[in-house]
Amino acid sequence: MSSLKLEYRINGQGPTSLTQSQTVVLLAGDTVEISAGQDVSWSGASSTPSSVTVSDLQTTPRKWSGQISSTVDDSVRYTITAKLVGASASSKINLELRINAQDRRNGDYQVFATNGTRQTLKLDFDRKTYRMTDAAGVAESGVIGLDATASGTFVFSSARTGGSINNARFRVSLAPDYVVVGAYPFAMPGGTAAVRPFVASRAPIKSPADLDGSFNGLGISMVGTTPDSSINNLRISGRGTTLYDCTDDRIYNTNFCPLGSLKTYSVTKGVTDGVWRAVNNADSSDVRNFSVVKFDDDRVYLEAEQPSFDSFRFRVGVMVDSSTYTSVMTAYGAATDGSWGRSVTKPGRSVLVEYPLARQSSALQGLPTSDDGLERLYTRSAVGLDGTALELSAFVGMIDVLLPVSESTISFPRGLGYALMTPTSYFTARSPQLFARIGPRVPGAAGYLEIGLIER
């Protein structure tokens, strides 16, 4: 046996003594540091050529350190050999690293939160940890665990959740680009914290040519203690150079928006990669910073800003989708009242709502009755922060016209609908993977937003 002695640390943990060859299991992305008591020469080799890379590699006669990464999905081996300088070939120790691939969902996600902030969420599903970092660099860390009541839902540990139920939860899309939809106890104007919905992505679109598209924009804002909602159509065109926003109280397709209500913005690259800056052509003080994120067959417009210390705005743009869905939609997510739950929409006969009635400031009363032969196709089963079960059901209303018209003459945005309830009906929008429900601009409903990830 060689008189050579080594010590090693994995991710700073240790040291562990090493006097003979040994195998250690670790994850791709882990850092390894090996110290020698005598001068040695170092060498490394992987079991499969080009399957392992070592970044930040540093070596001296008595130290080896680096971060181990794998280029394959399977487990691979990488052997680090320390050979005593000037000694026989047998005076060496091998540290074999058995490297397991990381969970593909691990990584840093850009968060767009419904308190108007953009933050960074680091998720590590292998170690079951998270870190949420705000724009000022203030971070909160904790563990994540599986929700025992719903497969595929995870729970954040946080001392700021409040209430008797921890509704700080999230779900991750199954698409390769992975989008996180959840809720977290974010800081609110006035110094309080509230469990609020968020959408997070690590795949923002970075090429302007890929931004073009139409979205049903569902926005909430608050000035002081006064909440508000906005429901309007957005369109990006010109290979990502122009943003159109129809702000009329009646909800128009941007192509038919009255000129006095149509805002036109010039779009340029923002300070951060994947964030875009839109400046109103008629008012340079009206500036929007947004991202468009992609996941699988879907895209989402996201905007989160705090114009002042006591105000914020958030908007999620659900991709306009005129598809006819024939299967049950189930979405899990959070709402701005702190609740977390499941929304289900069944296919069936919906209520036709004439498009002139689709207004941001309308509660849209006058619901159908059971005599109309309709059933309530929308339900939400949720739990509030105090543990109260929240159950609601609604007729599904679709905005349309009574007479057949050509697609090119339709003045309202496709994909926007209603959850028809008493006393107030809520707007809904969905795309292939995202569902949202927002309150109209009336007292008691303005500022309410539910965002859910559709189960696939």
Side-chain angles (χ1 to χ4, degrees), residues 112-118 183 186-199 215-234 243-252 254 257-258 260-263 265 278 280 282-283 285-290 300-318 333-339 357-365 399 412-413 416-421 423-429 434-452:
F112 293 79
T114 52
N115 70 338
T117 62
R118 293 194 299 270
F186 295 109
M188 297 293 290
T192 61
V195 177
R196 306 273 295 190
F198 71 86
V199 180
F215 305 88
N216 285 317
L218 307 183
I220 57 172
S221 60
M222 182 175 287
V223 178
T225 58
T226 304
D228 201 2
S229 298
S230 65
I231 305 97
N232 44 30
N233 187 235
L234 305 166
L243 168 67
Y244 298 98
D245 187 357
C246 185
T247 61
D248 201 89
D249 187 53
R250 182 178 290 179
I251 303 172
Y252 288 96
T254 53
C257 186
S261 300
L262 183 64
K263 291 186 176 182
Y265 296 80
N280 189 331
D283 179 6
S285 66
D286 180 8
V287 179
R288 304 278 172 153
N289 294 288
F290 70 91
V300 180
Y301 173 102
L302 293 168
E303 181 183 319
E305 298 186 277
Q306 291 186 335
S308 64
F309 74 95
D310 67 342
S311 67
F312 69 83
R313 62 175 178 247
F314 169 89
R315 183 155 55 172
V316 55
V318 180
T336 48
D337 62 2
S339 63
L357 299 177
R359 294 180 180 272
Q360 299 188 41
S361 58
S362 172
L364 202 69
Q365 298 181 12
I399 302 170
F412 57 91
L416 199 61
Y418 283 102
L420 295 164
M421 299 177 288
T424 305
S425 296
Y426 286 60
F427 289 90
T428 64
L434 206 66
F435 171 81
R437 182 171 64 94
I438 189 170
R441 302 182 70 186
V442 298
Y448 176 94
L449 179 63
E450 170 198 346
I451 305 174

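No hydrogens, no waters, no symmetry mates; every other heavy atom, side chains included, goes into these values. Starting from 1, each residue takes its place in the sequence as its number.
Within the 4.5 Å cutoff, the side chain of P197 has no heavy atoms near those of the L449 side chain. Side-chain contact check for Q306 versus M222: every heavy-atom pair is 4.5 Å or farther apart. Contact of the V316 side chain with the V300 side chain is registered, since non-hydrogen atoms from C-beta on lie closer than 4.5 Å. At a threshold of 4.5 Å between non-hydrogen side-chain atoms, the residues F290 and L302 do not count as touching. Considering only heavy atoms from C-beta on, D228 comes within 4.5 Å of R441 through its side chain. Contact check for V199 versus I451: side-chain heavy atoms found under the 4.5 Å cut-off. Looking only at side-chain heavy atoms (C-beta outward), Y426 and M421 come within less than 4.5 Å of each other.
Residue D337 comes nearest to S339 through the heavy atom pair OD1-OG, 2.6 Å, listed as atom of the first residue, atom of the second, then distance. Between A282 and N280, the shortest heavy-atom distance links the atoms N-OD1, 2.8 Å. When every heavy atom of S361 is checked against every heavy atom of V442, the shortest pair comes out as O-CG1, 3.5 Å. Residues N289 and E303 approach most closely at O-CG, 3.6 Å, considering heavy atoms. Of all heavy-atom pairs spanning A278 and L243, the tightest one is CB-CD2, 4.0 Å.
Atom-to-atom distance recorded for T247:OG1 and L234:CG is 10.5 Å, nearest 0.5 angstrom. A distance of 11.5 Å separates CG of D249 from OG of S230, quoted to the nearest 0.5 Å. To the nearest 0.5 Å, the span separating CD1 on I220 from OG on S229 amounts to 7.5 Å. Atoms OG and CD, from S311 and E305 in turn, are 10.5 Å apart once rounded to the nearest 0.5 Å. Rounded to the nearest 0.5 Å, atoms CG (N216) and CG (L434) are 11.5 Å apart. Here C257 contributes atom SG and I251 contributes atom CD1; the two are 11.5 Å apart, rounded to the nearest 0.5 Å.
The aromatic rings of Y301 and F215 lie tilted to each other, with the angle between the two planes from 30° to 60°.
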TODO: Start with the C-alpha distance between D248 and L262, add both sets of side-chain angles, then the distance that settles side chain to side chain contact (heavy atoms under 4.5 Å, CB included), and finish with yes or no.
DONE: CA-CA 8 Å; D248 201 89; L262 183 64; over 6 Å; no
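Between the side chains of R315 and N232, at least one donor-acceptor pair of N or O atoms lies under 3.5 Å. In this model, a donor atom of one side chain and an acceptor atom of the other lie less than 3.5 Å apart for D286 and Y265.
Taking the six-membered ring for Trp and the full ring otherwise, Y418 and F427 have centroids separated by under 6.0 Å. Taking the six-membered ring for Trp, F112 and F198 have ring centres at least 6.0 Å apart.
Under a cutoff of 6.0 Å and an axis angle of 45°, R196 and F186 do not form a cation-pi pair.
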